[in-house]
Amino acid sequence: MRIRVLKFGGTSVDSQEHRYLAARKVIQCLEAGAMPVVVVSAIGRRGAPYATDTLVDFLQSIDPTIPPHPREKDLMMACGEIISTVIMAQTLRTLGYHSVALTGNQAGIITDSEFGNARILEINPTPILRCLEQGWIPIVAGFQGVTRGDSIFHRGSITTLGRGGSDTTAAALGVALQAEAVEIYTDVDGVKTADPDFVPNAPTLSEVSYEEVAEIAHQGARVLHPRAAEIAMDYGIPLWVKSTFSDEPGTRIVASTDDIHRITGVPHTGKLAYLSFYIPYPEHKAQIELELYRLMARVGVNLQGVGVDEEGVGFGFPREHWNTVRTTLDGLVLPLGDSTTFYLLQFGDTPSELCKIQRNMLEKAGFTGERLRTIPITIVEGCTMVSLIAQGYSRQPGVFATLYQTLTSAGIPVWQTADSELSLSCIIPESEVEKAVRLIHDRFALSASAR
Amino acid sequence: MLPEESVVLPEERVSFERERGVSAIIVSPEVTYLFVRVPDTSDIALKRQQILDTLHQANISIFLIKLQRQGLSFALHATDTERTCAELEARGYHLTVRPRRRMVSIFAQNMRELHGVLARTAEMLYELGVAIEQISDAHNRLTLLIEAGQTPEVVNRLRKAFHLREDAVRWNP
């Protein structure tokens, strides 16, 4: 049995016209002699009536101060995909094809019980195979599964898979059904060398490796979720990224590319903030750093672009956590050295009211001079990370020098850098990101070298 | 109308998604860590560029690159140490050279979604009295630069703390 899994994202099913185009891809698959298994996301994006974010907003509008129970939130979120399966199944039915809508549960997808971010444990492919054997097209709700926990409330509870969940569903079904390919349909022609909003002529890559696409996706490009790439990579399932709206061949995700030295793309991440702490106190520096890491972990903030120097430390974090981080750190007092020295953390050049109060209290208690030390925190509130995906090149002489020179010679400040075997990243002002992506794309001649 | 349920197929179950959490520790070969200071920090971006150009022209590869208030720091292959120092000192840079370092990389598929790996690691190293000389992070790893001699103890403690089997640790000679 030749099976292909076709996954359609929210923008591929958000109008009658788009659904017909998606249906055309399903019919083409049948005409090519393969059996399609369709996975769909919820219809549209925030604001659309059945989009996941709209449903969540509706739930939270009851009382924004009281968060919904994760189990019930998952029940709500899963509705968007379920509606989408029914609409897609009916669309195919009106075109004369036998089609059946399946929830994650009905499709045999079993997860752990981490609501909101569940991990697929196993898939029983029998229900889908049964549909296929009888010539039906199964339309599976992406992004969801069901628990097999023992408690009355957890057994059979609907779970959602977290970010990129529908891609994960498609890749996982591809493995379970031993599909000949998993095709992720979206509104772009495949994996681009850069965000086409910034570089309109950014070419589509014909092939990228699983490692590269995982890195690209992690660095901000939203073409394919890395979890899906990882599943396909681990099981050797051929994976494609294609457009619902064109007949372009798309991008094939492969185990490795022939070209071991190549520069693939210039992704950029979302909104970050960056803090730099000046700690010229070697006797307590390690302890202060440790306290900062502990505090950030305690409030659930993950750090990026961490850099240590002899007189301080700096790190970036997603800007959605700005208020949490500021509330946690500004005016914080760290008593160290058996409380003989107090360190006061101060955001920015001007102390906040809280900082002033803390200082006054400590001074009144006799902590002055060397016993009360201020740690100034330099803030860069509006920044982002731009990266160069450079397989085999990232540690080659000159690549970082060229990247840095491209940015700084155009007057774009670089606040910190990070590098790995596959990528080089710079934290830059968010206002400069479009210019930065274009300049790097041009400098490394990605338009010419993509295919 | 719905598909018939009478067709009986054997139950097949496939289990696959990667485990979450820390899955491996990889230790690099010995490297040298270099801190390059410029005598005057005005126009620092240009001066860092000159350091990078010097290294590029000398065909020296560097990694774990971090911008510093007074210049630039990076790691390099131990075999490049002498040549690199000579190139940079000839141009008047002040160098702090720390040979015999290793990079310990802690891998987790979803590192950016895991809270507390850095805090837990830093805590452990602090208790051992091991200084973290540099940190680098990526979507699937956290890399720490430490003194090579302290690496076995650190790796052993990390392995236990993250409940890893012995074969989850790989030493690159």
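We name chains A, B, ... by the order of the sequence lines, and we start the count at 1 in each one.
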Could you tell me which of [options] has the largest number of non-hydrogen atom pairs under 4.5 Å with chain B?
options	result
A:V306, A:N117, A:L295, A:N302	A:N302
A:E310, A:E291, A:K285, A:R298	A:E310
A:G300, A:S409, A:C131	A:G300
A:Q287, A:M296, A:E311	A:Q287

- Task: Answer whether the closest heavy-atom distance between the side chains of B:L52 and B:H56 falls below 4.5 Å.
- Result: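 The answer is no, as the side chains (C-beta and beyond) never meet within the 4.5 Å cut-off.
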- Contact check, side chains of B:L46 and B:D43, non-hydrogen atoms, under 4.5 Å: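 Yes - at least one pair of side-chain heavy atoms lies under 4.5 Å apart.
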Okay, side chain of [X], backbone of [Y]: is any donor-acceptor separation there less than 3.5 Å?
X	Y	answer
A:S387	A:S425	no
A:R227	A:D167	no
A:D419	A:L424	no

- Quickly, which of A:L129, A:V182, A:L173 forms a side-chain contact (heavy atoms from CB on, under 4.5 Å) with A:I3? Name it, please.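 Of the listed options, the one satisfying the test is A:L129.
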- Query: What part of B:Q70 is in contact with chain A, defined as an atom under 4.5 angstrom from a non-hydrogen atom: side chain, backbone, both or neither?
  - Reply: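 For B:Q70, the side chain is the part near chain A, not the backbone.
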- Under 4.5 Å heavy-atom distance to chain A, tell me which part of B:L142 shows up: side chain, backbone, both or neither.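 Neither the backbone nor the side chain of B:L142 comes within 4.5 Å of chain A.
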- Task: For chain A, find which of B:E133, B:R120, B:R37 contributes the most heavy-atom pairs closer than 4.5 angstrom.
- Result: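 Of the candidates given, the most pairs with chain A belong to B:R37.
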- Among the listed options B:Q49, B:E123, B:Q57, the residue most often paired with chain A at heavy-atom distances under 4.5 Å: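 Of B:Q49, B:E123, B:Q57, B:Q49 has the most heavy-atom pairs under 4.5 Å with chain A.
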- Message: Looking only at side-chain N and O atoms, does B:T143 offer a donor or acceptor that is under 3.5 Å from a partner on B:S105?
- Response: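 Distance-only check passes for B:S105 and B:T143.
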- Under 3.5 Å side-chain donor-acceptor pair for B:T84 and B:T81: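 No, B:T81 and B:T84 have no side-chain donor paired with an acceptor closer than 3.5 Å.
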Relative to chain B, which segment of [X] carries a heavy atom at a distance below 4.5 Å: side chain, backbone, both, or neither?
X	value
A:T417	both
A:L292	neither
A:V414	both
A:Y278	both

